Amino acid sequence: METGDGLYEDENESGRYVYRGSNPNNYIEFNGELWRIIAKEKDGTYKNGELWRIIAKEKDGTYKILRNEVLSEGMPFDSAGARTTGYCSKGSAPTSGCNAWAANVNLVGSPSEFTNGTITGTVDADSEMLAYLNGEYLKSITINKDKIVSHDYNIGGVSYGNDDLATQIEGEKAYRWNGNVALINVSDYINANSNQELCGTHKNYNGNYATCNLSNYLFDNKTWWLLNPIYSNNRFNFALYEIGNIAQPQSKDVRFVRPAVYLTSNLSLSGSGTKSDPYVIVS
């Protein structure tokens, strides 16, 4: 598509397609709840430029989905004092919470250190957010849990107020964690907006958020965590705020959570993707 709600080719990642707009038909029922499909590949079946019958998939064939509603209880990304060694020992991170998603040993490639701009050090333990989502929360999923696949999530730092989405995405990819449940990237939120000319970078989004909210189906008048840390800082993470700007709370702050997972490519689906007739996993 070129305008309006629907499925768009991602200009920054060849072959990838993303849903954009105020309310595209990307609802999917998962775990007895409504979720939204974030991104997928172009090898589905199309009719008049719209997704039809077969849902296209992300590059590796998986479906990236996000819970439509925040979880009922907010929580910190990482509490004050939860991690106080290595990367998390520097500056005020010990008292403000540490913004690293995962321990180095649990990152793809097991790098010896985690570098976020000017801050480098070993991360010795996973964040409380990671532990909760892949522990207690994952256990609470009881319907179609077998469709979740372990997948790489991009957890690199993002420069606050940057004006280059392609470079931002490369920064997000600097480090990867492979697991079952995480959060969406800052770029995922920006990419969900159909007005890319006005809202296609972090700088532009925050400068025009009152307008950008109107063309982004992920905006929901709540404050919830995003996955990436602030570049060259070890105590601030990105979060979407209730007014629609993408801001930087301390890791110890309590914010809502919208889990994200990847589903296997081996799905059979019914439905049209609307809220009243969401895609349903048949098998």
Side-chain angles (χ1 to χ4, degrees), residues 12-13 38 64 76-80 82-131 133 151-179 181-192 200-206 223-241 245-253 255 257-258 260:
N12 297 296
E13 298 185 74
I38 299 295
K64 188 174 187 179
F77 190 94
D78 206 55
S79 296
R83 294 181 291 176
T84 59
T85 61
Y87 172 87
C88 298
S89 70
K90 302 180 180 183
S92 58
T95 56
S96 300
C98 183
N99 64 11
W101 173 253
N104 282 88
V105 295
N106 294 327
L107 299 183
V108 175
S110 300
S112 59
E113 293 183 315
F114 179 71
T115 298
N116 179 16
T118 59
I119 305 175
T120 296
T122 299
V123 180
D124 299 316
D126 293 333
S127 65
E128 290 183 330
M129 180 70 71
L130 185 159
L133 289 177
H151 197 280
D152 286 357
Y153 290 84
N154 301 324
I155 63 166
V158 170
S159 295
Y160 193 87
N162 78 84
D163 199 23
D164 187 340
L165 185 58
T167 299
Q168 174 188 311
I169 291 171
E170 290 307 307
E172 293 174 350
K173 292 180 177 179
Y175 290 90
R176 291 171 295 142
W177 169 81
N178 188 285
V181 191
L183 309 169
I184 63 168
N185 294 112
V186 180
S187 61
D188 285 324
Y189 189 80
I190 294 172
N191 250 330
T201 68
H202 183 235
K203 178 181 179 181
N204 287 348
Y205 211 110
N206 276 7
T223 298
W224 43 279
W225 290 110
L226 298 170
L227 183 56
N228 303 97
I230 305 295
Y231 186 75
S232 287
N233 189 292
N234 64 350
R235 68 185 178 101
F236 290 111
N237 290 83
F238 279 95
L240 175 74
Y241 272 40
N245 62 318
I246 305 168
Q248 50 179 350
Q250 295 185 106
S251 301
K252 70 176 182 180
D253 294 342
R255 300 290 183 262
V257 182
R258 288 180 76 176

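For the numbers below, each heavy atom of this structure counts, side chains included, while hydrogens, waters and symmetry mates do not. All values derive from a computational prediction rather than experimental measurement. Position 1 is the first residue of the sequence, and the numbers go up from there.
- Leu165 and Asn162 make their closest contact through N-OD1, 4.2 Å (heavy atoms, listed as atom of the first residue, atom of the second, distance).
- Under the 4.5 Å side-chain criterion, counting only non-hydrogen atoms from C-beta, Leu107 is in contact with Ile155.
- Residues Leu226 and Val158 are not in side-chain contact: their nearest non-hydrogen atoms beyond the backbone lie 4.5 Å or more apart.
- Interatomic distance, OH of Tyr231 versus OG1 of Thr118, reported as 7.5 Å (0.5 Å rounding).
- Considering every non-hydrogen atom in both Phe77 and Trp225, the closest pair reads N-CZ2, 3.5 Å.
- In this structure, Thr201 contributes its side chain and Asn204 its backbone to a donor-acceptor pair below 3.5 Å.
- At a threshold of 4.5 Å between non-hydrogen side-chain atoms, the residues Ile184 and Trp224 count as touching.
- Ser92 pairs by the side chain to side chain contact (heavy atoms under 4.5 Å, CB included) definition with Thr95, Ser96, Arg235, not counting sequence neighbours.
- The two atoms that bring Pro94 and Gly91 nearest to each other are CD-O, 3.6 Å, heavy atoms only.
- A search for ring-ring contact (aromatic ring centres under 6.0 Å, His included) contacts involving Phe114 returns Tyr87, Tyr175, not counting sequence neighbours.
- Within a 6.0 Å sphere centred on NZ of Lys90, heavy atoms belonging to other residues, nucleotides or ligands number more than 12.
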Point to revise | ring-ring contact (aromatic ring centres under 6.0 Å, His included) assessment of Tyr205 paired with Tyr189 | key: CA-CA 10 Å; Tyr205 211 110; Tyr189 189 80; 5.5 Å; yes

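- Here the straight-line distance linking atom CG of Leu183 with atom CG of Leu133 works out to 6.0 Å at 0.5 Å rounding.
- Contact detail for Asn228 and Val186: the closest heavy-atom pair is OD1-N, 3.2 Å.
- With hydrogens and angles disregarded, a donor-acceptor distance shorter than 3.5 Å links the side chain of Asn206 to the backbone of Ile246.
- A donor-acceptor distance shorter than 3.5 angstrom exists from the side chain of Asp253 to the backbone of Gln250, with no hydrogens or angles considered.
- The distance from the CG atom of Asn12 to the CD1 atom of Ile169 is 4.0 Å, given to the nearest 0.5 Å.
- Atom CD1 in Ile230 sits 7.0 Å away from atom CG in Asn233 (nearest 0.5 Å).
- Proximity of Trp101 to Pro229: side-chain heavy atoms (C-beta onward) are nowhere separated by under 4.5 Å.
- Remark: the backbone N or O of Asn154 is paired with a side-chain donor or acceptor of Asn185 at under 3.5 angstrom.
- Residue Phe236 comes nearest to Gln248 through the heavy atom pair CD2-O, 3.1 Å, listed as atom of the first residue, atom of the second, then distance.
- Asn116 places a side-chain N or O within 3.5 Å of a backbone atom of Ser232 that can act as its donor or acceptor partner.
- The two atoms that bring Asn104 and Glu113 nearest to each other are ND2-C, 2.9 Å, heavy atoms only.
- When side chains are defined from C-beta on, Ser127 counts as touching Arg83, because their heavy atoms get closer than 4.5 Å.
- Judged by distance alone, the side chains of Asn99 and Asn237 never bring a donor and an acceptor atom under 3.5 Å apart.
- Rounded to the nearest 0.5 Å, atoms CG (Asn106) and CG (Asn178) are 10.5 Å apart.
- Remark: side-chain polar atoms of Asn234 are not paired, donor with acceptor, to backbone N or O of Cys98 under 3.5 angstrom.
- With 3.5 Å as the limit, one finds no donor-acceptor pair spanning the side chains of Gln168 and Ser187.
- Ring geometry for Trp177 against Tyr153 counts as tilted: the plane angle lies between 30° and 60°, on a 0 to 90° scale.
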